[in-house]
Amino acid sequence: MQQKDVLPMKTEIADKQLIVKPVITGSEAVIRSLIAEGVDTIFGYPGGAIMPIYDALYDFQDQVHHILVRHEQGATHAAQGYARSSGRVGVAFATSGPGATNLVTGLADAYMDSTPMVCITGQVAAALLGTDAFQETDVIGITMPITKWNIQVTRPEDIPDAMAKAFYIARSGRPGPVLVDITKNAQFGEFEYEYKKCEYIRSYRPVPELSNEAVAEAAALINGAKQPFILCGHGVLLAGAEKELIALAEKAQIPVASTLLGLSAVPVDHPMYVGMLGMHGNYGPNILTGECDVLIAVGMRFDDRVTGDVGSYASKAKVIHIEIDAAEINKIIKADVAVHADAKTALKALLQQVTPAEHPEWMAQFRAADKKEYDKVQHAELYPQQGELKMAEVIRLISEKTKGEAVLVTDVGQHQMVASRYYRFKNPNTNITSGGMGTMGFSLPAAMGAKKGTPEKEVVAIIGDGCFQMTLQELATIHQSQIGVKIVILNNNFLGMVRQWQQLFFDKRYSSTEMVNPDFVQVAKGFYIPGKKVSTRENISEAIDEMLAHQGAYLLEVVVEKEDNVFPMVPAGAPISAIRLE
């Protein structure tokens with residue numbers, strides 16, 4: 001391995017100054033551009049059309065670390081986990097054809113959840129485009145609806161500008177995924193390399209100008225409110241606006257509820273925090289949305305899982321919507337006051353104009369609802385005295401033993417909802433999950449990325465038995481790259497969320513949802529990862545201790561109640577006030 005520090009140079013005289021530019025290949029330009037953007041980790045899988053870039057990477061292994069995944073979808077989810085935990089842009093490599101199309105699910109997931117990611121794909125030579133050459137696919141056309149921006153580069157000299165724009169677009173404004181497709185001739189070709197970071201693109205305005213009038217209108221509504229309510233979305237975390245949101249809630253004594261992706265922005269034990277919104281959210285936030293008189297939605301898009309039937313949503317409230325993406329304002333719920341701005345900027349301005357207030361009777365309604373939910377649902381789930389293990393008690397124990405400080409990476413389904421409900425998040429950006437897309441198989445590769453992004457933190461992947469089998473090949477990546485994630489499979493031998501719907505809405509007609517599973521511990525051992533299987537309440541606490549104490553990756557399979565349901569629940573399409581406790 002040898003770093004390429006000595007490069008061919010071309011000199012020019014401009015404005016009486018000597019300009020020296022290295023002459024390098026397009027492939028080397030890709031790697032040098034990544035390093036210039038501060039990239040230290042790449043997740044990828046090599047192939048013919050991207051081989052020149054991998055060849056260039058060989059000389060820079062001491063500056064950027066490549067993680068060889070076992071499937072390109074795993075590369076995208078790992079890049080997402082890296083981005084979500086670290087706050088930096090995640091990077092993934094793939095070759096053309098099937099390599100590129102295997103990125104699609106992760107790109108769509110990142111697009112829905114506003115995750116900054118740059119994917120670089122190899123492509124057949126420019127002369128072969130449109131000829132149905134071997135492994136040629138129109139990845140630009142395929143990914144256009146699921147990327148914030150994409151571009152095909154056919155000349156080496158265009159690579160630096162494309163890379164600079166890709167990173168600027170991915171991380172600015174409302175973040176999102178970008179794809180750069182580079183033809184093979186552009187990778188081989190040589191040119192005079194110069195890299196300038198992008199800080200401006202004509203017609204692209206990622207940070208809107210704050211309207212002082214809108215802030216004044218919003219403050220007036222809040223100051224006059226008797227029953228105000230804050231909805232905290234993912235945009236609060238993306239903007240780094242957690243402190244400002246909490247300060248607003250404390251100053252005006254406003255209860256705060258979180259969307260699924262907004263979890264961890266406010267510590268669960270904060271006195272103004274009242275729980276999670278949505279289909280399997282907490283009872284109080286759902287029923288009392290209909291009773292608030294001012295609704296302050298910050299960095300959220302009124303997803304259908306939050307609103308239920310929009311016709312009856314927040315019918316008594318004036319709605320203040322703080323949102324960086326203009327396309328989300330008035331898209332689903334009409335805003336009485338729209339504050340088109342970055343959440344941190346808007347909340348800072350709002351704090352100056354909101355007056356101190358107290359709403360003890362309003363807060364008391366949330367606490368009364370909490371007690372009703374605890375008595376009816378939570379106590380039996382968290383502290384069962386007999387019967388099979390419950391998912392909730394496992395999450396409670398993990399939460400207690402990690403003190404709510406682990407990065408929790410969840411997959412999709414019942415276990416996701418239970419983990420989101422019962423893990424007591426303490427710090428920002430410690431909840432990583434697939435929200436908008438609901439992608440099964442997300443957690444294992446995303447946990448790998450999260451651990452690489454924040455190696456100093458404990459990363460725990462909570463996965464269902466169905467989800468695990470979609471991306472379990474990444475156990476090989478975990479072993480090869482020595483990534484110390486803790487993996488907890490909550491195994492009920494069912495596709496649990498689908499089964500729950502079949503039970504409640506399809507007369508228990510369990511069609512194609514019961515799973516005949518492998519021995520997960522033996523599967524892990526086949527990848528040289530130690531593990532244990534637990535099925536009794538007497539052994540679960542000790543098993544979690546053993547997992548957390550282990551240095552390196554570890555898999556814990558927990559056999560849980562087969563037909564355990566997640567409540568509360570809002571039936572699909574129903575108003576959120578119709579939330580069921582059983």
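In this text the structure is predicted, and so the values were computed from the model without any measurement.
For the atom pair Ile529 CD1 and Leu555 CG, the distance stands at 7.5 Å (nearest 0.5 Å). Atoms CD1 and CD, from Ile31 and Gln63 in turn, are 10.5 Å apart once rounded to the nearest 0.5 Å. Within the model, atoms CZ of Arg171 and OG1 of Thr115 stand 14.5 Å from one another, a figure rounded to the nearest 0.5 Å. Atom-to-atom distance recorded for Phe167:CZ and Ser33:OG is 8.5 Å, nearest 0.5 angstrom. In this structure, Thr143 OG1 and Asp138 CG are separated by 8.0 Å, a value rounded to the nearest 0.5 Å. One distance of note links NZ of Lys184 with CZ of Phe188; it measures 5.5 Å at 0.5 Å rounding.
Using a 4.5 Å heavy-atom threshold, the side chains of Phe494 and Asp465 count as separate. The closest side-chain heavy-atom distance from Asp109 to Thr76 is not below 4.5 Å. Put simply, the side chain of Val409 reaches to within 4.5 Å of the side chain of Val459, judged on heavy atoms. Using a 4.5 Å heavy-atom cutoff, the side chains of Val124 and Phe134 are not in contact. The shortest distance between side-chain heavy atoms of Asp40 and Arg88 falls below 4.5 Å. A 4.5 Å side-chain heavy-atom check between His280 and Leu260 finds every atom pair outside the cut-off. At least one side-chain heavy atom of Ile120 sits less than 4.5 Å from a side-chain heavy atom of Ile53. Met112 is listed as a side-chain neighbour of Arg301, based on a closest heavy-atom distance under 4.5 Å.
Looking at every heavy atom in both residues, Tyr423 comes nearest to Thr402 through OH-OG1, 2.6 Å. Here the shortest heavy-atom pairing between Val64 and Thr41 reads CG2-N, 4.1 Å. Residues Ile142 and Ile146 come closest through the heavy atom pair O-CG1, 4.4 Å. Taking both residues in full, the closest heavy atoms of Thr410 and Ser443 are given as C-CB, 3.7 Å, listed atom of the first, atom of the second, then distance. Annotation for Ala100 and Thr121: closest pair CB-CG2, 4.0 Å, computed over non-hydrogen atoms. The nearest pair of heavy atoms linking Ile478 to Ala553 is CG2-CB, 3.5 Å.
Panel note: side chain His321, backbone Met300; a donor-acceptor pair is recorded below 3.5 Å. Between the side chain of Arg155 and the main chain of Ala186, no donor-acceptor pair closer than 3.5 Å is present. Remark: the backbone N or O of Pro428 is not paired with any side-chain donor or acceptor of Ser264 at under 3.5 angstrom. Counting only distance, with no hydrogens or angles, the side chain of Asn429 and the backbone of Ser85 share no donor-acceptor pair below 3.5 Å. Glu136 contributes a side-chain N or O that, together with a main-chain N or O of Ala133, makes up a donor-acceptor pair within less than 3.5 Å. Counting only distance, with no hydrogens or angles, the side chain of Asn102 and the backbone of Pro98 share a donor-acceptor pair below 3.5 Å. Remark: the backbone N or O of Lys457 is paired with a side-chain donor or acceptor of Lys451 at under 3.5 angstrom. Asn427 places no side-chain N or O within 3.5 Å of a backbone atom of Glu405 that could act as its donor or acceptor partner. Counting only distance, with no hydrogens or angles, the side chain of Lys148 and the backbone of Ile169 share a donor-acceptor pair below 3.5 Å. A donor-acceptor pair under 3.5 Å is absent between the side-chain atoms of Thr430 and the main chain of Val407, judged by distance alone.
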**Prompt:** What do the steps show when you test Val139 against Leu179 for side chain to side chain contact (heavy atoms under 4.5 Å, CB included), and what is the final call?
**Reply:** CA-CA 9 Å; Val139 68; Leu179 182 134; 4.0 Å; yes
**Request:** Please assess Lys532 against Val521 for the test side chain to side chain contact (heavy atoms under 4.5 Å, CB included), listing each intermediate value before the final yes or no.
**Result:** CA-CA 6 Å; Lys532 176 176 280 189; Val521 174; 5.5 Å; no
**Message:** Does Thr259 form a side chain to side chain contact (heavy atoms under 4.5 Å, CB included) with Leu231? I'd like the steps, not just the answer.
**Reply:** CA-CA 7 Å; Thr259 66; Leu231 310 186; 5.6 Å; no
**Prompt:** How far apart are the C-alpha atoms of Gln73 and His77, what are their side-chain angles, what is the distance that settles it, and do they pass the side-chain hydrogen bond (donor to acceptor under 3.5 Å, both in side chains) test?
**Reply:** CA-CA 6 Å; Gln73 181 182 343; His77 294 328; 3.0 Å; yes
**Message:** Before you tell me yes or no, could you show the steps for Arg32 and Tyr193 under side chain to side chain contact (heavy atoms under 4.5 Å, CB included), namely the whole-Å CA-CA distance, both residues' side-chain angles and the distance that decides it to 0.1 Å?
**Reply:** CA-CA 9 Å; Arg32 287 188 175 273; Tyr193 176 74; 3.7 Å; yes
**Steps toward side-chain hydrogen bond (donor to acceptor under 3.5 Å, both in side chains) verdict (Ser27, Tyr54)** = CA-CA 8 Å; Ser27 297; Tyr54 271 90; over 6 Å; no
**Message:** What verdict does the side-chain hydrogen bond (donor to acceptor under 3.5 Å, both in side chains) test give for Gln187 and Thr25, after you've listed the backbone C-alpha separation in whole Å, the side-chain angles of each residue and the deciding distance to 0.1 Å?
**Reply:** CA-CA 6 Å; Gln187 297 174 48; Thr25 65; over 6 Å; no
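In summary, Lys344 and Asp342 do not engage in a salt bridge, as defined by a charged side-chain N under 4.0 Å from a carboxylate O. Between Glu474 and Arg70, no side-chain nitrogen of the basic residue sits less than 4.0 Å from a carboxylate oxygen of the acidic one, so the salt-bridge criterion is not met.
Under the side-chain hydrogen bond (donor to acceptor under 3.5 Å, both in side chains) criterion, Lys486 pairs with Glu458, sequence neighbours left out. Among residues two or more places apart in sequence or in another chain, the side-chain hydrogen bond (donor to acceptor under 3.5 Å, both in side chains) test is passed with Arg174 by Ser114, Asp325, Glu328.
The aromatic rings of His66 and Phe93 sit tilted relative to each other, their planes meeting at an angle between 30° and 60°.
Heavy-atom contacts from other residues, nucleotides or ligands closer than 6.0 Å to CD of Gln551 number 12 or fewer. Atom OH of Tyr554 has more than 12 heavy atoms from other residues, nucleotides or ligands within 6.0 Å.
Among Thr154, Asp181, Thr137, Thr183, the one residue that satisfies the side-chain hydrogen bond (donor to acceptor under 3.5 Å, both in side chains) test with Gln123 is Asp181.
Under 3.5 Å, the side chains of Glu37 and Tyr195 contain a donor-acceptor pair of N or O atoms. In this model, no donor atom of one side chain and acceptor atom of the other lie less than 3.5 Å apart for Gln80 and Asp113. For Tyr82 and Thr454, the side-chain atoms include no donor-acceptor pair closer than 3.5 Å. When only modelled atom types and interatomic distance are considered, Asn517 and Asn491 share a side-chain donor-acceptor pair under 3.5 Å.
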